[in-house]
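Below is one structure, written out as structure tokens; the observations come after it.
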Amino acid sequence: MEKIRINPNRLQWCCDVLEINIENLYKDIGVAESTLNRVMKNEAALSVKQLEKIASFFNRSLLFFLESSNVIEEKIYSPQFRTINNQKPIHSRKLRALIERVERQRKIYLGLLEDLDEKISQNWQLKVPAEDAKKSADIVRKWLNLSEKNSFCDLRNAIESKGIMVFVTNGYNGKWQIDKKNPVRGFSLYYNSLPIIVIKKQSHGAQAFTLFHELAHLLLHKESMIDNEEDLHSYQGKEKEANEFSGSVLIPDIFLNQINLERLLDLEIEEYDEFLKKFKNNWCVSGEAILVRLLKNNKITQVSYHKYRAFKQAQIERQSNQKSTSIPRSFRNREPLNIFGRPFVNTVLDALYSKNITLAKASTYLDNLTIKDLHKLEDHLV
């Protein structure tokens, strides 16, 4: 069988991006080390199947490796991608692939809206004072028309209605997941039209906080950002502003007055969560978010807050040490709704009903749902 010669410089570039060595690549892709060494000497050494393995591993097309020119990053990665990669170099191939996939989904969405002759909302470009978190939060709560009781879906829908695309990554292992061990909690990609917020799947309270943290980067800072777990506890610079904004949107000062501080501080740290349960559910926040706001308003001491954080961290570590059991995907048909949001899903279905796209294409856009699950999704949305 005839062997294929590829551009070794392009393979080397792919390895450099992920900070891996050619010598170790064979372990990940199942192509012999001797074969890869011949490839790097510009020899025709690969079968089609082997090239497919390499392309799949690096999330590139077969043609990418056959082009004779050197890689020009500006043609491969968007300015938004390059911005967040410059902030925190992204060496995870899975995360890099997710970001590119998210951007492609945005282009699909824009194309469908154009085909349906629907205008893209520009309402998201709200002017807010970045230097005053509480004032900004008050403006945004009114802008989004938030009530005192909000589920995560309510918060997400309110933001999406302004012309922002919100993704929540899947809890199941696959192409729409941020790995549980990856420290990234979310990122925002700034576009003048249809900007993107991506959130790692967690508890609804953690997701809501990340959602507004990323919204802060879009509204206050007007730039793309990527955030690790530590950034959502930062007390410096733009991350501090985003955290204070997120906390103030979800828990305005007036909400804090509902909490009986005397009773709270009389409890053991282990009893805090149960006491705050009603408020956490109503406001879609975590217990820690409430305590941070109380701390900022000098209602509790640093000692109480840090004791609670230590208690929660120990709780998380105990849970992570327990063996995880696989969860049956009973609601596979609803996953595209959870990942891509209702506006995107409705637009795909509208395009299908208008015969702008085929049923097969609609299935592809909706995370490759089976036709049976796609019809179940339609019934769910009725």
Side-chain angles (χ1 to χ4, degrees), residues 83-84 87 121-150 152 154-164 166 185-192 195-199 205-259 261 279-280 282-302 305 309:
T83 296
I84 63 175
Q87 293 164 10
S121 173
Q122 301 294 329
N123 293 339
W124 80 271
Q125 299 197 36
L126 179 72
K127 290 185 179 179
V128 287
E131 68 284 353
D132 190 333
K134 289 187 178 181
K135 186 175 180 180
S136 296
D138 185 51
I139 292 170
V140 168
R141 279 193 67 87
K142 291 175 182 175
W143 176 60
L144 296 175
N145 196 28
L146 299 182
S147 64
E148 185 174 326
K149 294 182 180 180
N150 292 290
F152 176 75
D154 294 332
L155 299 171
R156 178 183 188 172
N157 291 341
I159 290 174
E160 287 176 326
S161 71
K162 299 299 182 181
I164 297 173
V166 178
R185 275 230 347 219
F187 56 89
S188 52
L189 301 177
Y190 185 93
Y191 296 89
N192 288 327
I196 296 171
I197 291 175
V198 178
I199 305 163
Q207 287 179 180
F209 193 88
T210 309
L211 176 65
F212 282 96
H213 183 100
E214 300 306 329
L215 182 64
H217 289 318
L218 294 178
L219 294 181
L220 276 62
H221 307 134
K222 302 189 183 304
E223 62 182 320
S224 304
M225 298 284 279
I226 186 166
D227 293 294
N228 290 345
E229 180 69 38
E230 62 188 21
D231 295 317
L232 280 90
H233 301 281
S234 177
Y235 296 100
Q236 294 182 341
K238 292 177 180 178
E239 300 301 354
K240 175 188 176 184
E241 291 174 355
N243 286 330
E244 289 181 349
F245 170 85
S246 184
S248 297
V249 170
L250 292 167
I251 315 169
D253 286 349
I254 194 169
F255 284 17
L256 296 177
N257 297 334
Q258 300 175 30
I259 300 173
L261 290 176
F279 306 113
K280 292 195 294 182
N282 287 348
W283 306 336
C284 192
V285 296
S286 65
E288 183 177 350
I290 294 175
L291 292 182
V292 167
R293 292 287 290 113
L294 290 171
L295 179 64
K296 290 286 183 184
N297 283 26
N298 298 314
K299 303 291 185 182
I300 63 171
T301 64
Q302 287 273 2
Y305 170 68
R309 275 209 72 183

Within a strict 4.5 Å, meaning less than it, do heavy atoms of the Ile290 and Trp283 side chains meet?
yes
Under 3.5 Å donor-acceptor, Arg185 side chain and Ala206 backbone:
yes
Close side-chain approach of Ile159 and Phe212, heavy atoms under 4.5 Å
yes
Ring centres under 6.0 angstrom apart (Trp124, Tyr190):
yes
Taking Ser136 for the side chain and Asp132 for the main chain, is one N or O donor matched with an acceptor at less than 3.5 Å?
yes
Applying the salt bridge (charged side-chain N to carboxylate O under 4.0 Å, His left out) test to Glu244, which of Lys238, Lys296, Lys135, Arg293 qualifies?
Lys296
Close side-chain approach of Phe245 to Val140, heavy-atom, < 4.5 Å:
yes
Side-chain donor-acceptor contact under 3.5 Å, Gln87 with Glu223
no
Would you say Met225 and Glu239 make side-chain contact, with heavy atoms under 4.5 Å?
yes
For the side-chain contact (heavy atoms from CB on, under 4.5 Å) test, which of Asn243, Ile199, Ile197 pairs with His213?
Asn243
With no hydrogens and no angle check, do the side chains of His217 and Glu241 hold a donor and an acceptor under 3.5 Å apart?
no
Steps toward side-chain contact (heavy atoms from CB on, under 4.5 Å) verdict (Thr210, Asp227)
CA-CA 9 Å; Thr210 309; Asp227 293 294; over 6 Å; no
Does the Ser286 side chain pair with the main chain of Gly205, one donor and one acceptor, at a distance under 3.5 Å?
no
In terms of side-chain geometry, is the basic nitrogen of Asp138 or Lys142 positioned less than 4.0 Å from the acidic oxygen of its partner?
yes
